[in-house]
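Working notes for the structure below.
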Amino acid sequence: MPEKTIFERIRDREVPATIVHEDEHCVAFKDITPQAPVHILVVPRKAIAQIGTAATTDREVLGHLLLTAAKVAKGEGISESGYRLVINNGADAGEAVPHLHVHLLGGRKLDWPPG
Ligand code: 5GP
């Protein structure tokens, strides 16, 4: 059995996190090092390593992550002001945790292009 990632440990309540949403497919919690006033990670319960290795059978859960991120954004009151969804894939993108996660960032003006 491979060692659990930190996000699996949060999912399983072995490590504390501020969880703002959970359902049968995903868990959403506040990032420990927020890069914006709202910085939430939407994480599938299933241990999909990254978007680049997701399977076509993950289609439903992948769509669910995006719809959930939009729902959480609404709950955080940033639907009108705007927000950004980010998935880092691989070293050049700065991916640090090998468990797929969608960053929801908002609550301030975000620069483009990203650094
Ligand atoms: P990545 O760079 O892989 O796209 O993003 C990983 C994110 O996970 C980072 O923004 C980082 O701050 C966050 N993170 C890493 N460890 C923890 C943790 O233990 N708890 C929480 N809530 N967030 C974490």
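When a ligand or atom number is given, it counts from 1 through the structure's own listing order. For this chain, numbers begin at 1 and follow the sequence in order.
Each of the following atoms of ligand 1 lies closer than 4.0 Å to a heavy atom of I10: 20 (N). Residue F29 has at least one heavy-atom neighbour below 4.0 Å for each of these atoms of ligand 1: 22 (N). Near H103, the atoms of ligand 1 lying under 4.0 angstrom from a non-hydrogen atom of the residue are 1 (P), 4 (O), 5 (O), 7 (C), 10 (O). Ligand-side atoms of ligand 1 in range of F7: 8 (O), range being under 4.0 angstrom from any heavy atom. Ligand-side atoms of ligand 1 in range of T33: 12 (O), range being under 4.0 angstrom from any heavy atom. The distance from ligand 1 to the heavy atoms of A96 drops below 4.0 Å at these ligand atoms: 1 (P), 2 (O), 3 (O). Short contacts between ligand 1 and L41, defined as distances under 4.0 Å to a heavy atom of the residue, involve ligand atoms 8 (O), 13 (C). Atoms of ligand 1 found under 4.0 Å from any heavy atom of V97 (numbered from 1 in listed order, with element): 3 (O), 6 (C).
Among protein heavy atoms, atom 1 (P) of ligand 1 sits closest to H101 NE2, 3.1 Å. D31 OD2, 2.5 Å is the protein heavy atom nearest to atom 10 (O) of ligand 1. With respect to atom 22 (N) of ligand 1, the closest heavy atom belonging to the protein is K30 O, 2.9 Å. Among all non-hydrogen protein atoms, the one lying nearest atom 14 (N) of ligand 1 is I32 CG2, 3.9 Å. Regarding atom 19 (O) of ligand 1, its nearest protein heavy-atom neighbour is I6 CG1, 3.4 Å. Summary of contacts: the protein heavy atom closest to atom 2 (O) of ligand 1 is G94 O, 2.8 Å.
Residues E8 and T5 come closest through the heavy atom pair OE1-N, 2.9 Å. Minimum heavy-atom separation, I78 to G106: CD1-CA, 3.9 Å. The minimum heavy-atom distance between H25 and E60, with the atom names listed, is NE2-OE2, 3.8 Å. Among all heavy-atom pairs drawn from P37 and G107, the shortest one is CG-O, 3.4 Å. When all heavy atoms are compared, the tightest approach of Y83 to A73 is CE2-CB, 3.5 Å. The two residues V42 and C26 make their nearest non-hydrogen contact at CG1-SG, 4.1 Å.
Contact check on R11 versus E22 returns no salt bridge, with no Lys/Arg side-chain nitrogen under 4.0 Å from an Asp/Glu carboxylate oxygen.
At a threshold of 4.5 Å between side-chain heavy atoms, the hydrophobic network of Ile, Leu, Val, Met, Phe, Trp and Tyr places L85 and L41 in two separate groups.
Residue contact check for ligand 1: R9 places no non-hydrogen atom closer than 4.0 Å to it.
In terms of N/O distances under 3.5 Å, ligand 1 is not approached by E95. Note: no N/O pair closer than 3.5 Å links H39 and ligand 1 by distance alone. Note: no N/O pair closer than 3.5 Å links V15 and ligand 1 by distance alone. Considering backbone and side-chain atoms together, A17 places no N or O closer than 3.5 Å to any N or O of ligand 1.
To the nearest 0.5 Å, the span separating CZ on F7 from CZ on R45 amounts to 14.5 Å.
Under a cut-off of 6.0 angstrom, the local environment of NZ in K4 is crowded, with over 12 non-hydrogen atoms contributed by other residues, nucleotides or ligands.
In this structure, the ring of H99 has its center no less than 6.0 angstrom from the ring center of H101.
For the side chain to side chain contact (heavy atoms under 4.5 Å, CB included) with V97, the qualifying choice from V43, I6, N88 is I6, the only one to do so.
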